Amino acid sequence: MKSMRLVALFLALALLFTACGEDMLEAAADGKTLIKVGIIGEPATLDPQGGTLITQAEVAVNIYDTLISQNTVTGEIEPRLATSWQQVDDYTMRFTLRQDVYFHNGEHFTAEDVIYTLKRATTSPASKSLLTPFDAENSKIIDDYTVEIKLKSKFAAALAYLGNQRCYIVNQKAVEEYGDKFGRNPVGTGPYKFISWNVGDRIVMEANEKYWGKQPPIQRAEFRFITDSGIMAIELEAGELDFIYVVGSEDYERLNDAPDINVFVGPGFTHESLYFNMKAEMYADVKVRMALTYALDVPALVKAVFGDLAKPADSVFSSTIFGHTVIGPRKRDVAYAKKLLAEAGHPNGFDCEIMVPNNSETLNMLEIAQAMWKEAGINVKISSLDQATLKELNANGKNPFGRSNFTASSGDPDHALAAWSIGYTGVLQPSDENLNDMLRQGREEYDTTKRVQIYEKIQSYILDEKYYAIPLAFPYSTYALRSNIKGFQFIPSQIQRLEELSM
Amino acid sequence: MSDREEFTPRSKKKSQISEILKRLLMNHAAVVGMLIMLILIFAAIFADYVAPYSYEQQNLNEMFARPSLKHLFGTDNFGRDIFSRVIYGARISLFIGLTSVVLGCISGGALGAIAAYYGGRADNIIMRVLDVMNSIPNLLLAISLSASMGAGVGNAMIAIGITSIPIYARVVRAAVMTVKEQEYIEAARVLGVSNRRIILRHILPNSLAPIIVQASLGIAGAIITTASLSFIGLGVVPPTPEWGGMLSAGRQYIRNHWHMVTFPGLAIMITVMSFNLFGDGLRDALDPRLKR
Amino acid sequence: MGRYIFKRVLYMIPVLLGVMLIIFTMLYLTPGDPVRMMLGDDADEAAIAQLRSELGLDEPYLAQFINYVKKIVMKLDFGVSYVTGRPVIEEIMSRYPTTLILATVSTLVAIAMAIPLGILSAIYQNSWIDNISRIVALVGVSMPNFWQGLLMILLFSVNLKWFPASGFTTPAHWILPALTIGTSGAAAIMRTTRSSMLEVIRQDYVRTARAKGAPEGIVIWKHALRNALIPVLTIVGIRFGASLAGSIVSEQVFSIPGLGKLMVDSIRNRNYPVIQGGVLLIALAYSIINLIVDILYAFVDPRIKSQYSAKKRVKYAGKEGQGSVG
């Protein structure tokens, strides 16, 4: 029976793999407290200067530290690796550093690491764009524990950006030792140190016993990558996960009713808007942009798609962001939209196309919007493309009408409006000098009250005057955790430090 | 014209066909399959009359309605009637299934026929190229193709059609090989009939049986592949009511609204099943030796 | 025999070169820019141009292709993943155990379901057991894998809470995906088992054995089954070979970090080196399995062994039903 032998071979192989499988299990069985966290995708890298994905920050915040951090609830700047800081002049900030900090590789943290990180962050292609006002070349080490950071121009968001994931402090020796593989072997000063990365599956980290702060109560953390929020909810209910970052609107009610699960939702830093390409001839007439805006009933479509898990957008950036002001959402007025179209030379409406990524919420909103536009005589074709194709089209200015979903994790309006500066290669193809000037003023204004006024002016310019965008939704930040986890407080940034939690 | 072609008397051919039909109709499973197929095709063609609602008519006040007399299969996350969408979906799925099979059949069939008829070098080159295609898994090839062409009904159809070329080429090649040796082909050749004519007029008609069987099974496979592509997000895009896309959209609501995934899934299953039943029945009818 | 194997192995080289050319050309024609995926929306044009030239993406088509082949042939260098920065080989090998387990377990599941059912329904042809197993097989091939997977999650993870819904770490995680992939495989294997068993039962030597008064059990086991399993072996081998490519759809449904998911993710990210390397290695594995099946086949069936000198390959099943492997 030759084929029986084949079966036996299969069986032997299977047994072998069973052994492998148990090997993987063993790791969790040594009596340490373990939190299993679900994130919605796999970060490409944990190199803070190598990528800006939100899932990356959700993991990396536990491994790295920043000099200071902005409390995303109160807006206060709080000390981390720097104990104190002062503004020496408009272009200089001086930081005094902690002396008891060690990297996970044993290296002592000093001013040198700060300068190295700043240089790296301002030159690495993935992180530099937001940080252009920083002058890394002229920033200098005063002594081992004092450092002076220079600015090329006045920069109101400097502290907020220093608390952002792009400025997580790295160690030169570690970066050089790992080279290209640093992103997969992260070394920081944070409360957890990196243990392993099981590609496509999970990242594991363990409490750092040499952490400068309070020892984290939870000794081990696992981040599993699950791309489907429904599956994530199922795993949370089954106890396979303890903490999940994304709650789908269809799971919200059920999880909320579950006795052993707590759900936290609230306004976050994310905005989702439709953008018109400023250089597109088709939308050059403001009346066309207005017609597309007035044809939509934004609150209705947000409600239908997000349920209670988003706010209809009332500006270009979320209400939790500094300087936000309420403009809209507009009341739907199909007759007015038709009138505008007629004035713009389209008495019988027109056909156009919107190109967006393959995201179910976006597509769902657009499917409803499509029906609403149709009533105003506008036939919008929805093309869903993959990210790679879309990015290329956007960058080449070949997407006249698109969508943006952006999370300004720093909570600063300059960050939230990054896509509007000339030179940014998104859908917008920004070319409005006037707007660009205002953005620069906002960036350089240190006086908080005046700064708020500038951003109010910008928002009203974009939406009331130019109708460059149709804001759709401010999706909420959502968390769900098993009720045995203590210490959790809602934060809008969707980047939770695990050191604050206990079980 | 016609008298010159008749190497096999027409009456005999006719009786052959009726014999096959008789055998096919004796096979209950195949008849059931055929009936379902006919109903589906009818629904697809006359979807505008059969479907109670339009496939894109939204009603935000009636989202997630359970199946009822008003909405036989319930409504989806936009309050659209799922029954109507499933019916229009038959149009899309059958269209992609049929056209991709026709595409694969014609191009694969031509390659196979050329390979078998001319043999030697042509055969060698064609078969090697097909070997190359064959060593890339079908779905992976379809995914790569539709990534490079973009989503959409037409592109999905082409991608699936291309991936099926090797199968048809093989089937046709094998069939032609056997027919080629028959005496009446020899006779035609001796009479000086052109190669093209021999292939088109004599060899292909006589090797049709296995092609038809493969095609009816191929449609089933193509429908599943289309649905898989849409499920991954690389096939047909919304609001086109493609079954796989409907399943993919309903996936996140599966816990609370089972009807959103149940009916499109059932539609795929029943359609595929009917083509499989028919294909199997046809195979048995065409080749009684295989009757099991 | 040795010569035959050598020839077949040699023949793999042009096939693999062809695979390289096809996949390379396809990617070359695919819109979308890996560099922009790597650097993000706010990267400036200079950085993009620089990285593009570092990766050699600004060279002409032919030069890129020749470079690629050269590196593989001379240094076995498949390049580096654009997303993770790790060598492609490492990237693929880290997924391979998962895919191998899944392929093995689901093939076992398929065999365990299909062969007994196939034999029974052949022995008791046209009885209720035959009808039921034929219907089961029909449903098995007709159900799209992803739908079946979703229903399984709903039933076994959500309602009964027996098995986890995602991931692939412990044997408990294997069960649902293996059942999902296994049933569609089982359908094809069962049909083959049944029909070849039927064919064998009617053969003279079985009839002779029966006439000699051998007990029915022995007739079936000793005489019929042995010969009937030959074509079954082929289809099992081919199925196994195909599933080594990873089960694209099922891995998606159950969030399994296997080869199939790697390929889909890489296609989305335009991670050219990983797609190219992956497809090449999949094609290699597929060709090897095919060769092994053919060789095993020759060992099992002496009639075929003798045919090898005539260079004829007999394939019963071909790529049947591969579309649904998913």
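Predicted model only: the values in this text are computed from it and were never measured. Letters go in sequence order (proteins before strands), and every chain restarts at 1. Side chains included, hydrogens not; waters and symmetry mates left out as well; all remaining heavy atoms used.
At a 4.5 Å heavy-atom cutoff, B/Leu217 makes no contact with chain C through either its backbone or its side chain. Both the backbone and the side chain of B/Ala147 have a heavy atom closer than 4.5 Å to some heavy atom of chain C. Looking at C/Leu150, both its backbone and its side chain come within 4.5 Å of chain B, counting heavy atoms on both sides. Both the backbone and the side chain of C/Met26 come within less than 4.5 Å of a heavy atom of chain B. Residue C/Val15 touches chain B through both its backbone and its side chain, counting heavy-atom pairs closer than 4.5 Å. With a threshold of 4.5 angstrom between heavy atoms, C/Tyr28 does not approach chain B through any atom at all. Residue C/Val264 touches chain B through its side chain alone, counting heavy-atom pairs closer than 4.5 Å. Looking at C/Ile153, there are no atoms closer than 4.5 Å to chain B (heavy atoms on both sides), in backbone or side chain.
Proximity of B/Leu247 to C/Trp147: side-chain heavy atoms (C-beta onward) are separated by under 4.5 Å at one or more points. By the 4.5 Å heavy-atom criterion applied to side chains, C/Ser142 and B/Asn276 are counted as neighbours. Residues B/Ile136 and C/Ile282 are not in side-chain contact: their nearest non-hydrogen atoms beyond the backbone lie 4.5 Å or more apart. Side-chain atoms of C/Phe146 and B/Ser228, non-hydrogen and from C-beta on, do get closer than 4.5 Å to each other. A 4.5 Å side-chain heavy-atom check between B/Met273 and C/Val141 finds every atom pair outside the cut-off. Within the 4.5 Å cutoff, the side chain of C/Arg191 has heavy atoms near those of the B/Asp280 side chain.
For the set B/Val129, B/Ile143, B/Thr271, B/Val132, the entry with the most heavy-atom pairs within less than 4.5 Å of chain C is B/Val132. Most heavy-atom pairs under 4.5 Å with chain B: of the set C/Leu29, C/Val279, C/Val158, this distinction falls to C/Val158. When B/Leu140, B/Ile223, B/Ile270, B/Ile160 are compared by the number of non-hydrogen pairs under 4.5 Å with chain C, B/Leu140 comes out ahead.
When all heavy atoms of C/Tyr286 and B/Asn134 are compared, the closest pair comes out as CE2-O, 3.4 Å. Nearest heavy-atom pair across B/Ser144 and C/Ile267 is OG-CD1, 4.0 Å. When all heavy atoms of B/Ser148 and C/Thr30 are compared, the closest pair comes out as CB-OG1, 2.8 Å.
Here B/Leu141 contributes atom CG and C/Ile23 contributes atom CD1; the two are 7.0 Å apart, rounded to the nearest 0.5 Å. With rounding to the nearest 0.5 angstrom, the CE atom of C/Met143 is 8.0 Å from the CG atom of B/Leu266. Taking OG of B/Ser135 as the start and CG of C/Leu16 as the end, the distance is 6.5 Å to the nearest 0.5 Å.
For C/Tyr11, the OH atom is densely surrounded, since the number of other residues' heavy atoms within 6.0 Å is greater than 12.
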